[in-house]
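Take a look at the structure below.
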2 protein chains.
Amino acid sequence: MRVVKDAEERRNEILDAANELFAQKGFDGTSTNDILEKVGIARGTLYYHFKSKEDIMDALIERYSVRLIGAAQEIAVDKSTPVVERIIRVIMALNISDGSSQEIMEHIHKPQNALMHQKIQKVLINGVTPILADIIREGITQGLFNTPFPYECMEMVMIYANTIFDDDMVPMTNEELAHRAQALVYNIERLLGAESGSLMQVMQMFGS
Amino acid sequence: MRVVKDAEERRNEILDAANELFAQKGFDGTSTNDILEKVGIARGTLYYHFKSKEDIMDALIERYSVRLIGAAQEIAVDKSTPVVERIIRVIMALNISDGSSQEIMEHIHKPQNALMHQKIQKVLINGVTPILADIIREGITQGLFNTPFPYECMEMVMIYANTIFDDDMVPMTNEELAHRAQALVYNIERLLGAESGSLMQVMQMFGS
DNA sequence: TATTACCGACAGGCAGTCGGTCTATAAAGT
DNA sequence: ACTTTATAGACCGACTGCCTGTCGGTAATA
């Protein structure tokens, strides 16, 4: 029973299957056999569309990051919402993420998926930091913030938050987590030269 | 030609070989065959001493982290050197590292070694941060620093510096690197509530 | 003589390759 | 208009070579 489909359609079928399997069992724990059985194709077909197993992962990350950074960008350019609120919205967009990309983030935080996590972190850091830095610069012209290093500040915050909250790099109880969050807001205010408590106030409007 | 050795000696021979090979070819790129051929032992012998390939990596990391954190601790408790200088010495101990551990850090920063890097980062962050935080608290009592979150500050700095300077997470030219370093010192001063330029001065005494 | 260290053949599973097959569509012939 | 032929894109599955981990058995040491 041979079924011929448009190349792009097949590619997406494979990516969808891989996405689910990687989430369940990790990259190393998933065999190419698992993937091609799930899609219902032969070995050769898989390697017709992708040149290697890692190539599948890269394509998956690409698809994911395009969506995510696009969403962040969209929020960032909306000059009608105040600067501080916009920052928070951008950050929230990273964690929640929409529909199909959701699964990927839920199960990535296992040591199994170290490489995948590293690659995602890389596109996240280099993709989102410039977006955030632009908002900060806007805040500086408005007199809200004051720092000679807006980009580096956001880079630091991005990397730290990503590592602390998304990895199991630092084992934490819920208490410790809350304490970390509180400290982070305080530290961001200091880094950005914002008035003490100015970020905290806006944060509380969103809960958590 | 069967040679019998003390278990611990063999274990270390295996770890030394693995250390070198992982550095050259990465964890995934190194086969257990490579290791046992380099040591000159049979398959069974390798698995007599280690229960899996990953077990070898874990033992390697353990050996490495014990040395490194020990060295950091030693510097930290020497109350005769001034606080700021001590901090810098601890951080420098992480990058240079002595002899046998040196190689491991030199070649880890390839995407191949993602898992290994993640594991090392984990022990580094959770092992060194408390040491640094203690020095900061000392600095607070001396009136040098002023922050309600000494631990979280150092955690942020550790994670950021490790990611930025040790990974190829963020591609950088030498100029950009220098700019990052400058920004980092500035930001650390802000985080710790130190007098502006107080860290910078001491840094310059060390060069780089 | 018992324990500890060691051996190497073997099983099972894996990623990636390759020659060949099917099918849809376009071109050529009638 | 209607069939035949050509071509390229999508697909197939057997096969290769490598890899990790196991196990029954063997030599050395105390």
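Lettering follows sequence order; numbering is per chain, from 1. This structure is a prediction, so every number in the text was calculated from the model and none was measured.
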By nearest heavy atom, map A:K5 and B:Y47 onto DNA chain D; which one lands nearer the 5' end?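 That would be A:K5.
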Rounded to the Å, how far apart are [X] [atom1] and [N] [atom2]?
X     : N      : atom1 : atom2 : result
A:Y48 : D:dG9  : OH    : C1'   : 5 Å
A:F27 : C:dA15 : CZ    : C1'   : 10 Å
A:F50 : C:dA15 : CZ    : C1'   : 16 Å
B:I56 : D:dT20 : CD1   : C1'   : 11 Å
A:H49 : D:dA10 : NE2   : C1'   : 6 Å
B:E8  : C:dT4  : CD    : P     : 15 Å
B:K51 : C:dA5  : NZ    : C1'   : 20 Å
B:R11 : C:dA5  : CZ    : P     : 12 Å

Just N and O in the side chain of A:R43: are any of them under 4.0 Å from OP1 or OP2 of D:dA14?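 Answer is no, no contact under 4.0 Å.
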Under 4.0 Å from OP1 or OP2 of C:dA15: is there any side-chain N or O of A:T32 that close?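 For C:dA15, OP1 or OP2 has a side-chain N or O of A:T32 closer than 4.0 Å.
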A:D34: what forms a side-chain hydrogen bond (donor to acceptor under 3.5 Å, both in side chains) with it, not counting sequence neighbours? A:K25, A:S31
Counting only side-chain heavy atoms from C-beta out, which of [options] sits nearest to [X]?
X     : options                : value
A:A42 : C:dA5, D:dC12, D:dA10  : D:dC12
A:K53 : D:dT20, D:dC11, C:dA15 : C:dA15
B:T45 : C:dC7, D:dG13, D:dC12  : C:dC7
B:N33 : D:dT20, C:dC6, D:dC11  : D:dT20

Identify, between A:D34 and A:G44, the residue whose nearest nucleotide on DNA chain C lies closer to the 5' end. A:D34
Determine whether a donor-acceptor pair (one donor, one acceptor, N or O, separation below 3.5 Å) exists between the side chain of A:R2 and the base of D:dC12. no
[X] with [Y]: basic N within carboxylate O range, under 4.0 Å:
X     : Y     : value
A:D58 : A:K51 : no
B:D78 : B:R86 : no
A:R11 : A:E8  : no

Mind checking if A:S31 touches a base, just sugar-phosphate, or nothing, with heavy atoms under 4.0 Å?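 A:S31: backbone/sugar contact only, no base atoms under 4.0 Å.
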Residues forming a salt bridge (charged side-chain N to carboxylate O under 4.0 Å, His left out) with B:R137, sequence neighbours excluded: B:D134
